[in-house]
Amino acid sequence: MAQLWLKFKDEKGDEQRVAVEGELFTVGRHSANDLTVTDSRLSREHIRIERADCDYFVSDPGSSNGTTINGKKLSGPENLKDGDLLDLGGGLQITIEIEAAEQDPAADLPEAEAEMSGQQPPAANPPPYAPSPAAAAPANDGIPTSFFILAPLLGIMVLVIVGVLIFLFSGRDKTPDIADSGDDTNYSTSNDDDDTPVKDDDDAPTKPGTSPTPSAIGTPANGGTTTTPSPVSGGTDLPPTNLSETAKVEQNGALFLRRIAQNEPKAFLTGDQEQKVNAKVKQIGKSAVLAENINAARKNAAQIKALAASKNLKPQFLAVAAITKLGSGRGDIIQAAESVADVYDKLATQIGSEFGDDSLLMVAAFDQGAAGDTMKMRNMLQELAAQKNLPAGAREIRSIWFLEKNGKITRDEFNRALNFLAIGTITQNPRDFGVNAEALTL
């Protein structure tokens with residue numbers, strides 16, 4: 001298969017050559033792309049290159065400054081050819097190089113041709129002659145002729161006797177048992193035949209539709225108790241869990257990050273992040289008004305969803321942002337949401353909200369956005385991404401954890417984002433953290 005390469009000059013003017021791998025390859029200024037170029041003239045996802053069999057096609061999914069191919073505006077998918085020149089809105093010029101697939105040299109060998117035709121290749125040096133089987137067979141001069149007549153008859157008699165014995169023994173009766181029945185299904189639904197005592201903590205029968213208790217589920221081989229995930233929808237059908245504090249933070253914190261991201265179904269917290277969030281959860285969970293503010297957000301869910309949709313924000317993000325705005329005080333949750341929605345709308349345009357870490361960056365940059373500097377965080381992230389000697393990947397750079405560790409954001413900015421994440425973690429299942437409120441899932 002032909003290999004396509006992208007040849008261009010980076011921000012420092014150095015020649016770069018990048019191979020296009022996979023069925024879909026994206027180029028843009030967002031770190032989620034296969035090729036990230038931090039130029040403000042590029043859109044977050046500027047072009048897409050898709051492979052179909054042996055051909056490559058380029059398309060522009062709707063970039064702000066557009067794309068041209070060989071000086072002509074790219075208005076639909078175009079088949080890429082060797083030597084094509086792509087101009088991505090003046091921010092990047094890419095020359096297309098296509099290398100044809102190399103032919104397998106083994107195809108030219110006589111052996112390969114012989115295999116394809118189904119014939120065996122001739123031997124390199126055939127022997128001048130081959131002895132016949134008769135010539136190679138040993139002589140039978142020492143064996144009487146009668147042996148060759150009696151031997152077959154004896155063999156037939158032995159076979160007849162063995163067959164009769166097999167028939168006699170196979171016909172005897174035998175008593176069937178469970179092991180020979182061919183049915184290994186266990187139809188028993190009780191443990192009446194089990195000598196192991198079962199502890200019954202509740203004499204009342206289990207109600208239909210409720211989940212079994214951990215003891216009914218069973219225990220793992222290491223002797224620890226089996227637990228079920230804590231409910232995330234506020235329901236009470238699931239039994240309480242015996243997860244550790246950090247495990248509850250990890251479970252609910254990861255769920256919250258997925259719900260505030262535009263597209264990150266596998267968001268998670270590391271062990272170090274769990275500990276930092278857990279410390280904040282303990283501190284914030286003591287607030288007497290937190291439960292009131294969570295319940296207020298639930299009661300006004302329809303208005304929050306409508307406002308979030310008008311600002312292209314996730315409802316879960318806006319609801320927790322409003323609760324974070326209220327802090328330890330009481331207030332109008334809708335008014336709080338309206339006071340932050342415009343700022344986050346502008347920050348989302350510059351920073352993005354595709355991943356959970358992007359949303360945390362928006363929260364950290366709120367004061368910058370409120371002061372009118374909505375591009376400060378984005379510009380700083382672009383400068384970091386352009387540093388080749390930085391010991392971190394593009395995704396790691398775009399996180400409050402990396403920025404705080406390397407002194408790129410202030411302590412107040414980091415704490416604001418951490419408070420937001422802790423409140424969001426609590427809202428997924430408040431009773432897990434001792435807060436008397438129903439789960440907030442918008």
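Because the structure is predicted, anything quoted here is derived from the model rather than measured.
His46 and Gly66 make their closest contact through NE2-O, 2.9 Å (heavy atoms, listed as atom of the first residue, atom of the second, distance). Of all heavy-atom pairs spanning Phe433 and Thr425, the tightest one is CE1-O, 3.7 Å. Asp34 and Leu24 make their closest contact through OD2-O, 3.7 Å (heavy atoms, listed as atom of the first residue, atom of the second, distance). When every heavy atom of Ser353 is checked against every heavy atom of Arg44, the shortest pair comes out as N-NH2, 3.9 Å. Between Ile397 and Leu381, the shortest heavy-atom contact is O-CD2, 4.0 Å. Closest approach of Ile351 and Ala365 over heavy atoms only: CD1-CB, 4.2 Å.
Atom CD1 of Ile94 sits about 9.0 Å away from atom CG of Leu85, to the nearest 0.5 Å. Atom CZ in Phe366 sits 10.5 Å away from atom OG1 in Thr324 (nearest 0.5 Å). Taking CG of Asp432 as the start and CD of Glu245 as the end, the distance is 11.0 Å to the nearest 0.5 Å. With values rounded to the nearest 0.5 angstrom, Lys9 atom NZ is found 11.5 Å from Gln16 atom CD. In this structure, the separation between CG on Asp373 and CG on Asn379 is 8.0 Å, given to the nearest 0.5 Å. For the atom pair CD of Gln273 and OG1 of Thr246, the computed distance is 13.5 Å after rounding to the nearest 0.5 Å.
Side chains of Ile423 and Asn293 form no contact here, defined as non-hydrogen atoms less than 4.5 Å apart. The closest side-chain heavy-atom distance from Gln350 to Met362 is not below 4.5 Å. Considering only heavy atoms from C-beta on, Val27 comes within 4.5 Å of Leu6 through its side chain. Looking only at side-chain heavy atoms (C-beta outward), Lys408 and Glu383 stay at 4.5 Å or farther from each other. Counting heavy atoms from C-beta outward, Met377 and Leu347 have side chains that stay 4.5 Å or more apart. Residues Ile96 and Tyr56 form no side-chain contact, since every pair of their non-hydrogen atoms from C-beta on lies 4.5 Å or further apart. When side chains are defined from C-beta on, Leu4 does not count as touching Phe25, because their heavy atoms never get closer than 4.5 Å. Ile426 has its side chain out of reach of Asn252: every pair of non-hydrogen atoms, C-beta onward, lies at least 4.5 Å apart.
In Phe8, the CZ atom is crowded: over 12 heavy atoms of neighbouring residues, nucleotides or ligands sit closer than 6.0 Å.
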Side-chain donor-acceptor pairs of residues 311-319 under 3.5 Å, sequence neighbours excluded:
from	atom 1	to	atom 2	distance (Å)
Lys311	NZ	Asp342	OD1	2.5
Gln316	OE1	Leu442	N	2.8
Gln316	NE2	Leu440	O	2.7

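Checking side-chain atoms of Asp82 against main-chain N and O of Ile98 turns up a donor-acceptor pair under 3.5 Å. Checked by atom type and distance alone, the side chain of Asn33 never pairs as donor or acceptor with a backbone atom of Thr36 at under 3.5 Å. At distances below 3.5 Å, at least one donor-acceptor pair connects side-chain atoms of Thr349 with backbone N or O atoms of Asp345. Looking at Ser43, its side chain does come within 3.5 Å of a backbone N or O of Ser64 through a donor-acceptor pair. At distances below 3.5 Å, not a single donor-acceptor pair connects side-chain atoms of Asn79 with backbone N or O atoms of Phe57. Under the 3.5 Å distance criterion, the side-chain polar atoms of Asn278 are left unmatched by any main-chain donor or acceptor of Glu274. A donor-acceptor distance shorter than 3.5 angstrom exists from the side chain of Thr427 to the backbone of Gly424, with no hydrogens or angles considered. Judged purely by atom type and a 3.5 angstrom limit, Asp60 uses its side chain to pair as donor or acceptor with the backbone of Ser63. Between the side chain of Gln93 and the main chain of Lys7, no donor-acceptor pair closer than 3.5 Å is present.
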Trace of the side chain to side chain contact (heavy atoms under 4.5 Å, CB included) decision for Leu361 with Leu403: CA-CA 9 Å; Leu361 289 174; Leu403 298 180; 3.5 Å; yes
Using side chain to side chain contact (heavy atoms under 4.5 Å, CB included), reason through Leu92 and Leu42 one step at a time and then give a plain yes or no. CA-CA 8 Å; Leu92 179 66; Leu42 269 67; 4.2 Å; yes
Please step through side chain to side chain contact (heavy atoms under 4.5 Å, CB included) for the pair Leu269 and Leu421, ending with a clear verdict. CA-CA 11 Å; Leu269 292 173; Leu421 179 54; 4.2 Å; yes
Derivation of the side chain to side chain contact (heavy atoms under 4.5 Å, CB included) call for Arg258 and Lys266: CA-CA 7 Å; Arg258 294 168 195 154; Lys266 296 182 180 181; 5.7 Å; no
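Salt-bridge check for Glu45 with Arg29: failed, with every basic side-chain N at 4.0 Å or more from each acidic carboxylate O. Under 4.0 Å is where a charged nitrogen must lie from a carboxylate oxygen, and between Asp10 and Lys12 no such pair does. The existence of a salt bridge linking Arg298 and Glu438 is excluded, since no basic side-chain nitrogen approaches an acidic carboxylate oxygen closer than 4.0 Å.
For residues 356-371, every residue pair satisfying the side chain to side chain donor-acceptor pair (under 3.5 Å) rule, not counting sequence neighbours, is listed here: His30-Asp358, Asp358-Arg398, Asp367-Arg416, Gln368-Glu413.
Legend: residues meeting side-chain hydrogen bond (donor to acceptor under 3.5 Å, both in side chains) with Glu78, ordered by chain and number and at least two apart, are absent.
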